[in-house]
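Structure record follows, encoded as structure tokens.
Note that the structure is a prediction, hence the values are computed from the model and not measured.
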Amino acid sequence: MRDQHKAVTYNRSDCRYLNDERHAEAPELLQALTPAFGDMAEYAAPNLKSKAFNSKKVTAHHAIIPTMNVPELGKLTEDERRIYELIVKLYIAQFYPPAEFVATKVELEIAGHKFKAEGRLNSSPGWRLLDEQYLKDYEKSEKQPELHKLQQNDSGTVESAESMKSFTKPPARYTMKSLLKDLTSVAKYVTDPEIKKLFMDKDSDKQDESGGIGTPATRDSHIETLFRRGFVAEKSKKVISTELGREFHDALPEFAVKPDMTALWHEKQKQIEAGELNYLQLIEEVDGSVAQEIARVKREGINIKSNAVQCPKCKTGFLKPRKGPKGKFWGCSAYPDCNATFPNKGGKPDLKTKPANKLKVSEEHKCPDCGKGLIRRPAKRKGLFWWSCSGFPECRFRCFDEKGKPKLES
């Protein structure tokens with residue numbers, strides 16, 4: 001979006017704030033967005049100034065926002081359009097009023113026992129009108145709307161009562177969204193009060209972090225690695241641990257499965273910055289911890305008995321069952337870096353069969369119609385090839401091959 005279309009600002013920023021002076025650009029930018037986004041941009045009020053405009057909280061780069069180079073939405077790929085619309089909606093939302101509701105908390109005394117009830121009456125959806133899902137969530141949040149009519153010392157008659165026994169429920173399984181959100185506040189899982197304080201102090205100057213671990217960029221890459229190596233999987237949009245992942249977790253030392261070390265090392269980095277500690281001391285400590293663990297593993301071994309099958313092609317990923325048009329097969333967890341597949345035989349991958357390789361999508365040659373990579377395919381006649389779009393069947397572009405390159409009409 002940034003390199004090809006120049007449609008958004010610096011795309012690697014994790015900041016959520018804008019410089020105050022950028023507020024003056026709002027009328028012109030909203031006007032430029034109106035042809036593509038209609039009433040959404042036209043009805044925005046550029047005179048409104050949300051809390052997102054705060055120069056003091058801008059880091060190396062301000063938040064990602066659209067530029068005056070508004071592309072034709074129909075010429076964007078599906079992924080490009082979804083990302084661009086998300087950026088634009090979040091920007092436009094800054095010029096809509098907040099969502100409003102009336103919250104009521106009531107304390108009732110019945111036969112000498114005290115009870116509590118909460119009610120919420122929605123009054124104005126505000127910026128939530130911009131997104132269908134946000135609006136649905138807002139409407140669902142309304143509950144017991146009549147409570148706000150009660151006044152202090154009001155009395156009434158209990159017409160019915162019901163007693164229920166139930167068990168506490170375990171925490172809901174993570175979704176990708178809730179997992180990423182939870183990583184911004186892992187301090188709540190730390191039991192040592194001193195280490196918890198270090199976590200909270202670390203993020204005291206951050207608006208969207210509260211004792212978190214990692215950064216948005218490193219979290220994504222680490223989670224991707226866990227999936228690729230078969231330690232976690234996704235089932236019905238829920239992130240679950242695999243047998244291999246659980247056994248690997250149990251085999252690790254205590255310091256490697258708790259976030260405490262992050263806070264302790266961050267504190268020592270602050271000491272280095274203040275000149276109170278030599279950086280070589282921290283390196284020596286880290287090296288010592290790693291060497292000690294290596295020695296333990298050599299001495300005791302690792303008790304992992306998982307039946308996971310390592311990919312014989314890349315030696316990095318693990319084979320996972322998948323479903324295709326022709327039924328079940330096994331593919332490497334490191335896909336798309338490794339595209340090896342094996343047929344299914346009795347519920348296990350048939351490793352005697354040579355791994356199949358999918359045709360590679362070209363990074364150099366792009367489809368002139370939709371912009372996706374082209375694929376060079378072998379023709380029925382030996383030695384001949386042709387090219388087609390990787391976006392098939394949405395895009396049906398194809399052309400002849402000319403000395404290993406697509407023959408595009410000039």
Side-chain angles (χ1 to χ4, degrees), residues 78-79 82-83 86 133 168-186 188-189 212-259 261-262 297 301-361 390:
E78 183 181 354
D79 286 344
R82 288 172 62 189
I83 293 172
L86 178 61
Q133 186 57 50
T168 56
K169 295 181 179 179
R173 290 189 182 275
Y174 281 122
T175 61
M176 284 301 299
K177 182 178 179 180
S178 63
L179 174 58
L180 288 168
K181 183 179 180 181
D182 216 24
L183 289 174
T184 66
S185 56
V186 298
K188 60 188 176 185
Y189 301 115
I213 189 170
T215 66
T218 58
R219 290 167 195 152
D220 287 345
S221 62
H222 288 326
I223 292 173
E224 182 183 352
T225 300
L226 292 174
F227 273 101
R228 188 172 65 250
R229 294 181 179 175
F231 295 142
V232 296
E234 194 168 14
K235 184 177 182 181
S236 301
K237 296 185 178 180
K238 303 293 184 182
V239 180
I240 61 174
S241 62
T242 63
E243 182 184 358
L244 174 65
R246 292 189 292 273
E247 290 187 354
F248 184 63
H249 170 277
D250 294 343
L252 291 171
E254 185 177 4
F255 75 81
V257 296
K258 288 187 175 182
M261 192 65 72
T262 297
V297 171
I302 298 181
N303 185 27
I304 296 181
K305 302 176 182 178
S306 176
N307 295 323
V309 179
Q310 190 177 53
C311 176
K313 182 183 177 185
C314 69
K315 309 293 185 183
T316 301
F318 294 85
L319 300 183
K320 299 170 61 178
R322 304 182 186 276
K323 287 186 178 180
K326 297 182 180 180
K328 187 176 179 181
F329 69 96
W330 293 76
C332 182
S333 62
Y335 178 84
D337 295 330
C338 177
N339 51 22
T341 60
F342 295 84
N344 180 62
K345 187 176 182 180
K348 296 181 179 180
D350 184 3
L351 301 181
K352 294 181 180 179
T353 304
K354 187 178 180 181
N357 286 305
K358 295 182 179 179
L359 295 172
K360 186 178 181 181
V361 178
S390 60

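Here the SG-CZ distance, from C332 to R322, works out to 8.0 Å after rounding to the nearest 0.5 Å. E224 CD to L226 CG: the interatomic distance, rounded to the nearest 0.5 Å, is 10.0 Å. Remark: I223 CD1 to Y174 OH distance equals 10.0 Å, nearest 0.5 Å. Remark: W330 CH2 to K348 NZ distance equals 9.0 Å, nearest 0.5 Å. The distance from the OG atom of S241 to the CD atom of E247 is 11.0 Å, given to the nearest 0.5 Å. Summarising the geometry, atom NZ belonging to K181 is positioned 10.0 Å from atom OG1 belonging to T175; distances are rounded to the nearest 0.5 Å.
Pairing each heavy atom of F318 with each of G230, the nearest pair is CD1-N, 4.5 Å. When all heavy atoms are compared, the tightest approach of P259 to V186 is CB-CG2, 4.2 Å. The two atoms that bring P321 and K328 nearest to each other are CB-CE, 3.5 Å, heavy atoms only. Between A256 and L252 the shortest heavy-atom distance is CB-CB, 4.2 Å. The minimum heavy-atom distance between V232 and T242, with the atom names listed, is C-CG2, 3.8 Å. Closest non-hydrogen pair, R173 versus S178, comes out as O-OG, 4.5 Å.
Counting heavy atoms of neighbouring residues, nucleotides and ligands inside a 6.0 Å radius, atom CD of E234 exceeds 12 of them. For K345, the NZ atom counts as loosely surrounded, since its 6.0 Å shell holds 12 or fewer non-hydrogen atoms of other residues, nucleotides or ligands. Atom NZ of K238 has more than 12 neighbouring heavy atoms from other residues, nucleotides or ligands inside a 6.0 Å radius.
At a threshold of 4.5 Å between non-hydrogen side-chain atoms, the residues L179 and R219 do not count as touching. Under the 4.5 Å side-chain criterion, counting only non-hydrogen atoms from C-beta, D220 is in contact with L180.
Checked against P349 for a side-chain contact (heavy atoms from CB on, under 4.5 Å), the options T341, L319, N344 give a single hit: L319.
Remark: K188 engages D182 in a side chain to side chain donor-acceptor pair (under 3.5 Å) (not counting sequence neighbours).
Residue pairs that meet the ring pair (Phe, Tyr, Trp, His ring centres under 6.0 Å) test with at least one member in residues 224-257, sequence neighbours left out, are F231-F248.
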